[in-house]
Undergrad: 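Here it is: the structure, laid out below.
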Amino acid sequence: MNWLEFITFDNALIRNVVLGSTLLALSSSVVGCFTLLRKRALVGDAVSHSVLPGVCLAFLFQGTKDPLVLLIGAFITGWLSLLTIDLITKRSRIPEDAATGLVLSVFFGVGILLLTYIQHLPNLANQSGLDSFLFGNILSISEKDLYVFGAVAICLLTCVWLFYKEFQVLSFDEGYASTIGMPVKGLRLLLTTLTVLAVVVGIQSVGVVLMAALLITPAAAARFLTNRLGPMVIIAAIIGATAGLTGTFISSAFRTPTGPWIVMALSIMALGAFFFAPKQGILAKWIRQRHWNRQIQDENILKAIFQFQLDNNSNDPVQTETLIKWRPMEAKQLRSGLKRLSSQGYLEQNNGWLLTQVGQKRGERITRLHRLWETYLTKYLKIAPDHVHEDAESIEHIITPELELELEKLLDYPEKDPHDSSIPRS
Amino acid sequence: MADQNTTSATPALEVHDLTVSYHSKPVLWGVDFTVPQGTLTGIMGPNGAGKSTLIKSIMGLVEMNSGFAHILGGPLEKVRQQVSYVPQRESVDWNFPASVLDVVLMGRYGKLGLFKRPRKADKEAALSCLEDVGLLPFKDRQIAQLSGGQQQRVFLARALAQDADIYFMDEPFAGVDAATEQAIINLLKKMREQGKTVFVVHHDLQTAPEYFDWMVFLNTRLVANGPTKKVFTQEVLKETYGGKLSLLVQVGDLLAEEGLPPRKG
Amino acid sequence: MTLIAGDYWSMLAGCLVAIPCAILGCYLVLRRMVMIGDAISHAVLPGIVLAFMLTDKMDTLPLLIGAGSLGMLTTFLIEFLHRKVRLQEDASIGVTFTWLFAIGVILVSTFVSNVHIDQECVLYGDLVNIPFDLMEIGGKEMGPVAIWTLGLVNLCVLAFVWIFYRQLFITTFDPSFAVAIGISATLWHYALMGAVSMVSVASFESVGAILVVAFLVAPAATAYLLTDNFKLMLGLSVLFGIASAILGYLLAISLNSSAAGGMVTVAGGIFGLVFVLSPRYGMFSKKLRTLFKVA
């Protein structure tokens with residue numbers, strides 16, 4: 001296949017394949033959102049492995065690679081695997097994860113037995129395409145087949161769109177869904193059917209082994225980018241579609257199965273979401289922590305200078321060394337903090353450090369909050385006065401003006417803290 | 001038995017300024033108290049007050065944000081062999097393929113090293129503990145075939161097999177019939193008479209004053225700590241069960257939301 | 001059906017895969033960690049391929065170390081996604097193993113062209129060829145290499161479970177009690193996962209990366225339906241493992257298909273039988289019991 005043709009969509013067949021694989025990946029990702037939210041992500045893995053024996057049996061009985069026949073075979077064993085997991089967990093003491101692993105691997109083993117059996121049959125010529133079910137190869141299937149799977153995918157999406165509201169309640173709170181009169185059993189059945197269908201169409205592009213990724217990974221990534229279901233489904237669909245597109249493109253370039261490349265693209269996008277998501281991502285959390293650490297440091301410096309001047313009853317500039325001696329701080333952090341504060345206009349350098357008006361105010365506020373919180377702890381939590389300092393050291397930085405007001409009111413505007421230092425108010 | 005340098009004057013438990021958070025939201029806040037040896041102590045408070053968390057953090061099962069707990073005057077590592085822990089009954093899978101004796105023998109595992117196997121003496125100790133809780137005839141029974149009360153007694157026997165001085169028990173009366181509860185409390189009282197110190201997370205206010213001679217009242221913060229006669233008062237109960245402090249809840253929510261770096265203990 | 005000498009070696013190799021898998025599987029089933037075992041067995045693939053690409057042969061030691069450490073990495077990654085990134089646990093497992101497995105398949109299909117390692121081998125191993133890769137010491141033939149490797153792994157796993165029986169037992173039944181008496185649940189968790197990784201790597205050549213899971217879970221789950229004694233459960237699961245290996249091999253040659261597939265099919269069949277018929281914990285055990293009580 002020519003790369004250029006691929007990129008420019010010149011060839012109608014290529015265009016169909018690319019559109020098809022995008023559509024298949026997209027529809028599986030959408031259904032995956034609901035399985036993920038219902039905490040049944042790995043069940044999708046079981047279904048996808050269990051599809052293999054169905055495909056093989058359908059081929060054995062019918063002797064054709066007619067997509068409809070294979071699809072029906074796949075659908076039947078996929079469903080059967082879910083029923084088996086249910087039966088095992090309900091009727092014996094085998095835990096659910098063991099039942100899932102058992103069904104997954106045994107169905108797959110039977111599938112492998114049948115597949116290798118078919119491959120060694122002398123008389124069947126047209127069998128070679130079956131292993132593309134293992135790792136997926138969208139490029140190997142015919143245009144007509146693609147229409148069939150495309151139609152199924154569109155059905156799936158329509159169903160999700162129609163029953164969106166019901167699926168939302170079902171995934172969030174099944175018990176509640178039944179109390180408001182929803183046909184929970186029927187809906188569960190429908191959602192399970194959709195999952196099985198999503199697997200059956202998805203394996204065309206990803207293959208049975210890695211199908212789980214198409215159900216789980218886009219949904220997991222989308223979950224990190226939004227806290228609402230609607231956007232989550234859409235983002236998952238976009239991620240799935242993008243991966244389907246890139247995966248098909250790369251695999252056609254390397255002439256290898258499509259599945260692994262789609263999964264690779266999915267995983268990279270998911271890892272990206274885990275690390276760089278604006279609110280829930282690792283990086284965002286890290287930045288927030290850093291921000292807090294810096295703020296705490298700055299406020300501690302302002303507080304130290306304020307208290308030093310208060311205690312010594314002077315407004316003279318304070319030397320860096322004096323500060324270190326007075327309140328043990330790390331010298332390097334202190335110097336960078338001082339520099340930052342003076343550039344922000346909280347401090348002035350003049351033969352030492354002086355608080356500006358805003359700096360004075362902020363230092364005073366932190367001191368006030370510290371002492372107010374100490375008073376609160378001794379009064380309401382009955383903590384001994386000599387044990388309250390540590391806690392106040394951290395809480396003083398987080399109290400909002402509203403909470404400050406509430407605290408003042410609750411404590412009836414106290415004059416002194418538990419250590420008999422006065423609580424400053426200006 | 002007690003170490004040479006711990007006398008009966010050393011407190012059994014000293015909790016100092018303990019703060020424990022779950023997902024950066026404080027569950028226990030600045031908890032600070034001391035309990036003397038030889039008491040049967042009830043740890044009381046409403047649901048979600050942090051009673052189990054207190055025991056778990058003392059046993060090193062959940063991380064402390066700040067503060068410490070000393071047992072018999074030292075950190076847990078120094079006195080581990082003298083301390084026993086009874087988890088909540090629901091915390092394990094009772095379908096596990098183990099016999100009653102298997103579970104009770106686990107109480108001896110801490111004293112055995114990495115490679116040593118239980119000896120005859122260990123087995124005899126386990127059997128005598130089973131006799132103490134009245135389960136000797138059940139020693140080969142699979143644990144799933146026991147009633148809730150019997151399962152609780154198996155846990156108790158396992159703790160007895162540790163031959164410790166301090167016992168922490170997480171809701172030993174949960175889901176237990178009245179007769180078993182009576183049997184257990186009698187056993188605990190006997191243990192106290194032998195000089196052991198027992199801490200029990202307990203729910204039922206009706207029975208509490210009869211069971212315990214020392215009480216710790218918790219509701220995120222410490223409300224009261226002292227001999228039952230002194231602290232089991234209307235005032236303390238009202239404060240413990242009268243809801244959380246709204247300001248504390250607000251600040252706690254703020255901490256969880258902002259992800260403020262936890263304090264370094 | 002006539003069996004030749006090579007068949008016996010293959011059957012022996014199957015048994016040597018089944019034994020350590022069955023033993024470790026008992027722990028996985030009871031710890032509710034079967035799917036983590038599934039993830040590990042998938043995820044060792046890129047490790048195997050990388051070790052193979054670097055050394056250019058199927059050398060046992062670098063393979064066990066390289067791929068085994070990848071199994072540990074999987075465990076760490078799942079924990080990391082679950083605890084630090086706060087992704088729900090089933091999704092953490094799913095994302096991790098599909099990603100690592102995809103890397104493995106890409107490496108195999110793109111960079112490696114060798115008889116020892118190809119896509120089919122990844123899926124269901126190659127028990128039939130095991131007798132032909134012989135070990136030679138000082139010019140003397142000492143039997144197939146795989147038998148020696150698997151034998152060694154068997155010894156390691158048996159020693160591990162024998163020596164640390166108590167630690168594994170207590171951290172499986174009641175991890176918080178274990179921690180309270182000073183036995184680290186985390187340490188033994190990782191030790192066990194390390195053992196699972198090692199077994200997955202060693203079994204790869206014989207049964208592939210995916211069917212290992214069946215060897216881990218099926219015999220153990222079957223045994224769990226029959227007994228309440230943990231030691232007996234270990235013994236029974238080994239027995240079921242061996243039976244599946246031998247009967248499955250015979251099934252596979254009679255159908256002229258994959259040996260590993262046959263073994264797993266039989267293992268599933270045995271489970272099915274026990275599930276239906278087990279007197280104590282089977283599907284009809286309650287009915288059976290009431291029937292006998294009435295009679």
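Every chain is numbered from 1 and lettered A, B, ... according to where its sequence line falls, protein lines coming before strand lines.
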Undergrad: Is there a donor-acceptor pair under 3.5 Å between the side chain of B:Q81 and the backbone N or O of B:G110?
TA: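 Flag set: sc B:Q81 to bb B:G110 pair under 3.5 Å.
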
Undergrad: If you count heavy-atom pairs under 4.5 Å with chain C, which of B:N95, B:L105, B:V83, B:V86 comes out on top?
TA: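 Counting heavy-atom pairs under 4.5 Å, the top option is B:N95.
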
Undergrad: Centroid separation under 6.0 Å, is that true for the rings of B:Y85 and B:F168?
TA: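 Not close enough - the centres of the two rings lie 6.0 Å or further apart.
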
Undergrad: Do the two ring centres, one from C:H82 and one from C:F80, sit under 6.0 Å apart?
TA: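 Ring centres of C:F80 and C:H82 not closer than 6.0 Å.
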
Undergrad: Of the backbone (N, CA, C, O) and the side chain (C-beta and beyond), which part of B:E77 lies under 4.5 Å from a heavy atom of chain C, both, or neither?
TA: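 No part of it gets close to chain C.
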
Undergrad: Sort out for me which of B:K111, B:M106, B:R158 touches chain C most, counting heavy-atom pairs under 4.5 Å.
TA: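 Highest number of pairs under 4.5 Å: B:R158.
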
Undergrad: Do C:R31 and B:D93 sit within salt-bridge range, that is, some charged N less than 4.0 Å from a carboxylate O?
TA: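 Salt bridge absent between C:R31 and B:D93.
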
Undergrad: For chain B, which candidate among C:C26, C:S176, C:P175 shows the most heavy-atom pairs at distances under 4.5 Å?
TA: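 Most pairs with chain B among the choices: C:S176.
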
Undergrad: Take B:K51 and B:D170 through the test salt bridge (charged side-chain N to carboxylate O under 4.0 Å, His left out) and record every step on the way to the result.
TA: CA-CA 8 Å; B:K51 304 183 296 289; B:D170 203 344; over 6 Å; no

Undergrad: Of the options C:L226, C:L30, C:V238, which is the one that meets C:M233 in a side chain to side chain contact (heavy atoms under 4.5 Å, CB included)?
TA: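 Among C:L226, C:L30, C:V238, the one meeting side chain to side chain contact (heavy atoms under 4.5 Å, CB included) with C:M233 is C:L30.
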
Undergrad: What option among C:T172, C:I181, C:L232, C:D228 has the most heavy-atom pairs under 4.5 Å with chain B?
TA: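 If we count pairs closer than 4.5 Å to chain B, C:D228 comes out on top.
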
Undergrad: Any donor and acceptor pair, going by atom type alone, linking the side chain of B:R192 with main-chain N or O of B:T39 inside 3.5 Å?
TA: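 Checked: no pair found.
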
Undergrad: By number, which residues in residues 134-144 of chain B have some heavy atom less than 4.5 Å away from chain C?
TA: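 Within residues 134-144 of chain B, near chain C: B:Q142, B:I143.
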
Undergrad: Kindly indicate whether a cation-pi arrangement holds for B:R89 with B:F155, taking the cut-offs as under 6.0 Å to the six-membered ring centre and within 45° of the axis.
TA: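 No.
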
Undergrad: Under the ring pair (Phe, Tyr, Trp, His ring centres under 6.0 Å) test against C:Y27, which residue among C:F230, C:F169, C:W188 passes?
TA: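 The ring pair (Phe, Tyr, Trp, His ring centres under 6.0 Å) with C:Y27 is passed solely by C:F230 among C:F230, C:F169, C:W188.
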
Undergrad: Heavy-atom distance under 4.5 Å to chain C: side chain of B:V103, backbone, both or neither?
TA: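 The side chain, not the backbone.
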
Undergrad: Name the region of C:D174, side chain, backbone, both or neither, that has any atom closer than 4.5 Å to a heavy atom of chain B.
TA: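 For C:D174, heavy atoms of backbone and side chain both lie under 4.5 Å from chain B.
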
